[in-house]
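For reference, the structure discussed in these notes is given below.
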Amino acid sequence: MFFYYLRLSALSYKRNPVLSTLMVLAIAIGIGAYMVVFTMQHTMGGDPIPHKSDQLFHVSLDTGDPERDDDPPEQLTYIDTMALLEANRAYRQTATSKFSAIIEPENPEIRPFASLGRGAFADFFPMFDVPFLYGSGWSPDADQNREQVVVLSQETNERLFGGNNSVGETIRFDGALFQVVGVLAEWTPIPKYYDVNNGPFDEGEELYIPWYLIVEREMSRSGNTNCWKSIEGTGFQAFLNSECVWIQYWVELEDSDAEAEYLTFLNNYANEQKALGRFQRELNNNLYDVNEWMIEQEVLPDETRILNILAAMLLAVCLLNTIGLLLAKFLGKSAEIGARQALGAHKGSLFIQHMIEAGFIGLLGGLLGLIVAYFGLEGVKILLGNARMQTEWMHVDTTVVTVTVALAIVCTIVAGLYPIWRACNVNPSIHLKTQ
Amino acid sequence: MEIGPILRALWHNKLGAMLIAVQIAVTMTVIINAIFIINERSRLMARPSGLEEANLFHLTSVGYGDDFNEQVTSDDDLNMLRQLPGVVNATAVNAIPVSGSGSSTGVRIDMDDRTANVGTAIYRVDEQVFDTLGLNFIAGEGFDVTDMRYRSSAGTTDADKVVMTEALAAILFPDLTPNEVIGETLYTDQVTALQIVGIVERLQAPWPSWENVESSVLIPEQFLDTYSLYVVRTEPGQRDQVMRAAEDLLAGSGADRVIRGVNSLEQTRSETYGADSALSSILKTVVVTLVFINSMGIVGLAVFSINKRRKQIGTRRALGASKFEILRYFLLENLLITTVGVLVGAVLTIALSIVLTTNFNMPAMAWYYAPLGALALIAIGQLAALGPSVRATTITPATATRTV
């Protein structure tokens with residue numbers, strides 16, 4: 001029966017090709033456009049580390065200016081970072097910030113080049129599930145002993161060592177030698193959820209070193225630095241002792257008890273600091289998990305959110321269009337429906353027949369919609385013109401394909417419910433008479 | 001006029017008519033808001049930065065190695081750049097307007113009242129900056145080479161002069177004319193007193209979406225670190241050749257350093273505004289698509305409703321209705337439906353505009369968008385209905401006598 005109805009749908013399509021094609025086009029465009037925006041939003045705002053995003057927390061301490069009523073600082077001061085590191089109260093923890101350095105390759109044929117790096121702790125790699133191609137991260141001892149070790153990104157390893165296993169080799173940057181302990185496999189989380197304060201859609205870093213080295217070697221820091229209070233004195237030590245925020249602090253906490261405990265610890269710490277004249281605002285310390293922090297920092301651009309609203313409305317227009325056209329099409333078939341009823345077709349089987357006809361149109365619309373979505377995404381990539389996005393970003397995967405086709409069929413059937421109902425309630429006698 | 005019969009006929013098929021009206025209403029809501037966003041973004045992109053952008057490019061030098069001498073290298077670089085054929089002038093700055101990265105600080109005129117701080121971009125510049133960037137003085141003057149101060153980035157400034165934009169002067173000294181502001185004292189966050197020596201018409205902050213984008217100060221100082229950012233102004237039309245020559249010149253100068261970020265101001269601008277222009281292009285596609293879908297829907301349903309009424313049309317023709325009267329009937333029908341649609345659409349348009357204004361950083365829509373949009377959609381509706389309606393006029397009176 002299903003295939004008989006499917007054949008009827010195809011016949012019906014042929015009988016009314018203009019109306020039917022218009023419907024397919026409307027659905028294809030509506031669904032296609034919506035899927036473009038869905039994919040954009042899915043990639044930009046989706047959960048980047050689903051299995052543990054609720055266990056990784058960004059530490060927020062309100063060390064802000066008591067005379068102003070602005071948001072708490074996004075990052076931490078050096079003083080607070082050191083206090084949290086020494087307390088060592090979380091299951092895993094890392095302070096992290098960026099630096100820039102010139103790499104001077106040993107191979108004289110490769111010219112020195114500027115690179116961006118990240119200072120972090122041994123825990124950084126297991127916390128964020130960083131994949132390794134060769135070697136591994138450094139040990140906690142390397143942090144404590146300020147060892148000059150480095151983890152290279154895959155790209156940097158490619159550039160310096162032609163992609164070979166470089167573990168044990170040394171490279172020269174910031175005027176010193178660092179020993180390679182690990183090389184990352186491709187690791188390009190989008191957005192860069194572990195650092196959304198310094199360009200959430202920027203490229204990943206090229207080097208990773210123990211964070212203490214940034215301080216000890218007074219390396220040139222990169223990334224946001226905000227100071228509400230003037231630095232007292234001059235020199236690097238004065239900067240470290242200041243209220244300037246420039247460090248991000250992440251902790252991994254295994255359950256909500258641990259989370260509550262850690263927050264209490266933060267509040268106790270803040271209260272101790274209040275006695276020393278710091279933390280002059282009302283207590284407002286927070287732990288944000290990965291997704292909460294991305295929402296708090298408004299990582300998803302306004303543009304994407306506006307487009308999402310507009311695309312949903314565009315889909316609505318296309319579906320309204322489909323309802324109208326289906327209504328016209330089905331009512332135009334009144335005579336045929338009347339004849340079927342007179343020959344003994346139940347309302348139920350008429351209903352199923354037209355559901356299949358609507359679904360058939362939805363399927364065609366969905367398939368065409370995939371093509372629209374594909375070209376739409378290619379267009380968006382060209383418009384955004386970011387090399388990184390060209391290669392890895394936003395592609396039509398199986399999820400998108402399934403969602404697109406399913407959404408198209410479901411939407412068309414839903415849009416068809418009223419026209420189908422009207423078609424099934426045709427009074428057969430009237431239509432038989434005119435024949 | 002046959003408004004009465006049209007209304008009765010529409011009532012007979014009220015759902016079909018309503019669907020088109022709602023479709024037009026939603027279409028109008030999206031189109032008008034999209035056009036407003038497009039216009040708003042182009043207005044933002046068209047704001048002048050205060051620079052003569054067409055002939056400017058910038059490049060960055062990052063030094064390394066122990067024997068790298070910052071100040072000497074920087075001075076040598078600027079001298080070499082200025083002697084390059086096609087170069088008008090060159091300057092060292094800490095940030096580029098419109099580039100998206102730079103420094104900001106708070107400034108005030110009452111030393112003790114920190115709450116009165118006004119946020120402003122801070123440009124650390126040399127005395128050649130005004131000539132190089134093409135800044136336009138409306139009061140006072142720029143810096144002298146003796147005003148320049150050099151220090152490490154960790155310390156506090158010991159410069160004592162400042163130039164600011166007219167917009168910032170108007171915020172800090174609302175009651176003074178630009179000429180009266182010259183000679184006044186400005187305090188930075190670091191409680192340094194700076195004497196205001198000049199006011200320039202315009203110099204945007206590096207962050208175009210910042211609320212204080214027109215507020216900038218220029219301070220005659222340079223950091224002694226390994227990082228130098230140069231802006232070069234060339235003779236008209238020679239920018240691209242000079243840009244390549246400058247890169248080769250500095251890279252080949254023998255100092256231990258890396259040259260990077262060689263970009264024209266125009267490139268930098270289009271990168272910074274990339275999201276805005278992408279959004280505009282996407283929205284333009286959305287508008288065209290919607291107009292197309294909407295018109296196709298109107299055409300489809302008009303063809304259907306005319307085919308359904310062939311016999312009635314034939315009858316009217318047989319009873320003496322002229323072709324024009326048939327045409328008028330269907331155009332009027334469309335006009336009635338569209339008018340209801342755009343009236344509902346106007347309400348929805350304003351509602352969505354309010355949602356966008358409250359949730360996103362967007363100004364309110366000007367009053368004329370909704371009425372102009374309504375007129376445009378009525379015109380589109382009439383155009384879409386014209387084809388099927390003209391075809392309806394070709395139905396002959398003889399049709400009335402035939403049975404289907």
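Just so it is clear, the values below take in all heavy atoms, side chains as well, and ignore hydrogens, waters and symmetry mates. Within every chain, numbering begins at 1; the chains are lettered A, B, ... in the order of the sequence lines, protein sequences first and strands thereafter.
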Revision key, fill the gap. Cut-off 4.5 Å, heavy atoms of chain B, and the answer for A:Ile309 is side chain

Review point. Any idea which of A:Gly379, A:Pro419, A:Gly324, A:Ala328 has the most non-hydrogen atom pairs under 4.5 angstrom with chain B?
Key: A:Ala328

Exercise for review: Go through the steps for B:Met296 and A:Leu25 under the test side chain to side chain contact (heavy atoms under 4.5 Å, CB included), then give the verdict.
Suggested key: CA-CA 10 Å; B:Met296 287 302 109; A:Leu25 272 182; over 6 Å; no

Exercise for review: Not counting sequence neighbours, which residues clear salt bridge (charged side-chain N to carboxylate O under 4.0 Å, His left out) with B:Glu221? List them please.
Suggested key: B:Arg124, B:Arg151

Point to revise | Engaged part of A:Phe173 at the chain B interface, taking heavy atoms whose separation is under 4.5 Å | key: neither

Review point. B:Met362 versus chain A, heavy atoms under 4.5 Å apart: side chain, backbone, both or neither?
Key: side chain

Practice item. Please look at A:Leu22 and chain B and tell me whether the side chain, the backbone, both or neither of the residue comes under 4.5 angstrom of a heavy atom of that chain. Key: side chain

Review point. So what's closer than 4.5 Å to chain B heavy atoms on A:Val18: side chain, backbone, both or neither?
Key: neither

**Study point:** Option that, when pairs with chain B are counted at under 4.5 Å, heavy atom only, ranks first among A:Leu327, A:Leu19, A:Leu314
**Key:** A:Leu314

Revision key, fill the gap. Given A:Leu310, A:Leu319, A:Asn226, A:Thr225, the one with more heavy-atom pairs under 4.5 angstrom with chain B than any other is A:Leu310

Study note, to complete from the structure: Okay, B:Thr27 and chain A: the region with an atom under 4.5 Å from a heavy atom over there is both

Check your understanding: What part of A:Ile323 is in contact with chain B, defined as an atom under 4.5 angstrom from a non-hydrogen atom: side chain, backbone, both or neither?
Key -> both

Practice item. Check each atom of B:Asn117 against the heavy atoms of chain A and say whether the ones under 4.5 Å are side chain, backbone, both or neither. Key: side chain

Review point. Does A:Asn321 reach the main-chain N or O of B:Ile293 with its side chain, forming a donor-acceptor pair under 3.5 Å?
Key: yes

Practice item. Select one option (side chain, backbone, both, neither) describing which atoms of A:Arg111 are under 4.5 Å from chain B's heavy atoms. Key: side chain

**Study point:** Per-residue contact mode, B:Ala251 against chain A (heavy atom under 4.5 angstrom)
**Key:** both

Point to revise | Contacting region of A:Asp174 [heavy-atom separation from chain B under 4.5 Å] | key: neither

Review point. Chain A heavy atoms under 4.5 Å from B:Ile31: which part of the residue, side chain, backbone, both or neither?
Key: neither

Donor-acceptor pairs under 3.5 angstrom involving side-chain atoms of residues 30-37 of chain A: please list them, not counting sequence neighbours.
none

Point to revise | Inter-residue atom distance A:Glu303.CD - B:Ile37.CD1, 0.5 Å rounding | key: 9.5 Å

Practice item. Report the option among A:Leu320, A:Thr322, A:Leu325 that has the most heavy-atom pairs separated by less than 4.5 Å from atoms of chain B. Key: A:Leu320

